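Lettering follows sequence order; numbering is per chain, from 1. This one's a predicted model, so the numbers in the text were calculated from it and none came from an experiment.
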There are 2 protein chains.
Amino acid sequence: MSVRIALFDDNRNVRESISLLLQTEPQFEMVGVFSHVLDCIEDLQACKPDIVLMDIEMPGMTGIEAVRLIKKEFPAVQVLMQTVFEDDDRVFDSICAGASGYILKNHLNIRLVDAIKELQYGGSPMSPSIARKVLGKLQSLPPSAGKEAVEDYQLTPREKGVLSCIVNGLSYKMIASELQISYETVRSHVKKIYEKLHVASLTEMVAKAINQKIV
Amino acid sequence: MSVRIALFDDNRNVRESISLLLQTEPQFEMVGVFSHVLDCIEDLQACKPDIVLMDIEMPGMTGIEAVRLIKKEFPAVQVLMQTVFEDDDRVFDSICAGASGYILKNHLNIRLVDAIKELQYGGSPMSPSIARKVLGKLQSLPPSAGKEAVEDYQLTPREKGVLSCIVNGLSYKMIASELQISYETVRSHVKKIYEKLHVASLTEMVAKAINQKIV
DNA sequence: CCCGCAATCACCGAATCAGGGGAGGGACCT
DNA sequence: AGGTCCCTCCCCTGATTCGGTGATTGCGGG
């Protein structure tokens, strides 16, 4: 079974050498080679690749934006980013944009063929130095994110509603009119929430609600 | 320059075959081989490795917990996780625990030597299928996370201090004694913060502070 | 030298929140 | 029929916050 590949790179030498390299693998089929991404959607519609090789540095539109567009239009397409930069933000942005792999250009010759095959098998080939940055990113932000089994405080639906109003900055009065219940009822719910979350002030409650994503 | 390596794995065959494999590289020096992680801190203190190979499945304590301990005691040590599982949560947990690389055991023979060398150069070797999971994780959570340039509200250092106290649930009185200033001064700062953040209640303020990461 | 500004402190009245009670109706389970 | 739980509502007392107005110090720039 053959793999349809499209290539975006503004450097002519790179385009030619990659094309040559990939021709050595019979199951690879170059279906499109482009020097810019301005028409990438139309280009892909025409050549229908399985895999896109994308230079991160492209004239006109950045490769990152292009990835975003491509993944939006063709979610099944696997995009392999190629770059000479190891800039943290770019790497991170590309990932958020939906790139499936990320290799440095100085690894290109040796690993490109392997990388494409790994993409085929559902893997995400990544240069180790890039991987390090990705891990660093992931390790740096789990304060708020991820899966950490947050406690379940067993709030009733009504209580959650009240809580979310509070987090949005509403006063008891406003919540009462918002939820069409009496001021005193709001207070009752709030008292319950206080007990359940083990907090002693609205501010604590808001902080806990946001950080534990109870809202 | 030689690389000091320690190995944790409960399977005897694995221990032996990895030891043999690494002996083929003259610059690698096996300084410790252990069948469990219960004494890992003491073990590492004794053998002082540069790199630790850690099986994710270990009796007594999980390899993930061990990584957490190790990175806490010896932050400079690079830990390479080895696993037969591709379980999402385990992978993610290991990363959060501080692992520097992550390879599947069926890639071991072929890539272990390369992986260790890449660790040496500051990379994070990762099996492509693992990398895919990591990317997936990173792509799934950026709602709250990442780098998005949030507004700068030009809070003075003192105001930020007060704000962070508030986010931690302290009352004005408590803040006053915490920061060694008068109750009225706390109020002054709070009023300023109100203006600068364009909010009208403490709850709004806390929500904004957390969501915009001003704390 | 004066101006602006951060940081400090003060007072007052009004509004809101906190914590303690009690109490009734409805749903659901045993 | 009794028990439990959720949602609803009410009162009272005390603590905390809100809004406005004003004042003093000290530091750095024009």
Only distances under 3.5 Å count here; give the side-chain donor-acceptor pairs of residues 162-173 of chain B to other protein atoms, sequence neighbours excluded, each with its distance to 0.1 Å.
residue, atom, partner, partner atom, Å
Ser164(B), OG, Gly161(B), O, 3.4
Asn168(B), ND2, Ser164(B), O, 3.2
Ser171(B), OG, Met174(B), N, 3.3

Under the rule for side chain to side chain donor-acceptor pair (under 3.5 Å), what residues qualify as partners of [X], not counting sequence neighbours?
{"X": "Ser94(A)", "answer": "none"}
{"X": "Thr83(B)", "answer": "none"}
{"X": "Thr185(B)", "answer": "none"}
{"X": "Lys196(B)", "answer": "Glu159(B)"}

>> My understanding is that only residues two or more places apart in sequence, or in another chain, count here; which of them pass salt bridge (Lys or Arg N to Asp or Glu O under 4.0 Å) with Lys160(B)?
In response: none

>> If the condition is salt bridge (Lys or Arg N to Asp or Glu O under 4.0 Å), which residues does Glu29(B) pass it with, not counting sequence neighbours?
In response: Arg4(B)

>> Once you apply a heavy-atom cut-off of 4.0 Å, does Ser182(B) come out as touching a base, just sugar-phosphate, or nothing?
In response: sugar-phosphate

>> Just to verify, what does Arg68(A) make a side chain to side chain contact (heavy atoms under 4.5 Å, CB included) with, not counting sequence neighbours?
In response: Ile64(A), Glu65(A), Ala97(A)

Quick check against the 3.5 Å criterion: does [X] have a side-chain atom that pairs as donor or acceptor with the backbone of [Y]?
{"X": "Glu73(B)", "Y": "Leu69(B)", "result": "no"}
{"X": "Lys208(B)", "Y": "Val199(B)", "result": "no"}
{"X": "Ser127(B)", "Y": "Ile130(B)", "result": "no"}

Whole-Å distance separating the [atom1] atom of [X] from the [atom2] atom of [N]:
{"X": "Ile181(B)", "N": "dA10(C)", "atom1": "CD1", "atom2": "P", "result": "12 Å"}
{"X": "Arg158(A)", "N": "dA27(C)", "atom1": "CZ", "atom2": "P", "result": "16 Å"}
{"X": "Gln180(A)", "N": "dC7(D)", "atom1": "CD", "atom2": "P", "result": "17 Å"}
{"X": "Leu179(A)", "N": "dC9(D)", "atom1": "CG", "atom2": "P", "result": "11 Å"}
{"X": "Met205(B)", "N": "dT16(C)", "atom1": "CE", "atom2": "C1'", "result": "16 Å"}
{"X": "His189(A)", "N": "dC6(D)", "atom1": "NE2", "atom2": "C1'", "result": "8 Å"}
{"X": "Lys191(A)", "N": "dT13(D)", "atom1": "NZ", "atom2": "C1'", "result": "12 Å"}
{"X": "Glu184(B)", "N": "dG13(C)", "atom1": "CD", "atom2": "C1'", "result": "13 Å"}

>> Less than 4.0 angstrom between a side-chain N/O of Thr185(A) and OP1 or OP2 of dC7(D), yes or no?
In response: no

>> Please determine whether any donor N or O and acceptor N or O are separated by less than 3.5 Å between the side chain of Ser188(A) and the base of dC9(D).
In response: yes

> Between the side-chain atoms of Glu159(A) and the base atoms of dC6(D), is any donor-acceptor pair under 3.5 Å?
Replying inline: no

With side chains defined as the heavy atoms from C-beta onward, is the minimum distance between [X] and [Y] less than 4.5 Å?
{"X": "Ile103(B)", "Y": "Leu80(B)", "result": "yes"}
{"X": "Leu7(A)", "Y": "Gln82(A)", "result": "yes"}
{"X": "Pro128(A)", "Y": "Met126(B)", "result": "no"}

Look for any protein N or O under 3.5 Å of an N or O in nucleotides 3-5 of chain D and output each such pair with its distance, or none.
none

Tabulated below should be each protein N or O lying under 3.5 Å from an N or O of nucleotides 28-30 of chain D; please produce it.
none

Taking N or O atoms only and anything under 3.5 Å, show me the protein contacts with nucleotides 14-18 of chain D, one pair per line.
residue, atom, partner, partner atom, Å
dT16(D), OP2, Lys173(B), NZ, 2.6
dT17(D), OP1, Tyr172(B), N, 3.3
dT17(D), OP2, Tyr172(B), N, 3.2
dC18(D), OP1, Tyr194(B), OH, 2.4
dC18(D), OP1, Leu202(B), N, 3.3
dC18(D), OP2, Tyr172(B), OH, 2.3
dC18(D), OP2, Tyr194(B), OH, 2.9
dC18(D), N4, Arg187(B), NH1, 3.2

> Between the two ends of the helix from dC1(C)-dG30(D) to dT30(C)-dA1(D), what is the bend in degrees, rounded to 10 degrees, where each end axis spans five pairs?
Replying inline: 50°

> If you pin Val186(A) and Lys192(A) to their nearest nucleotides in DNA chain D, which one's is more 5'?
Replying inline: Lys192(A)

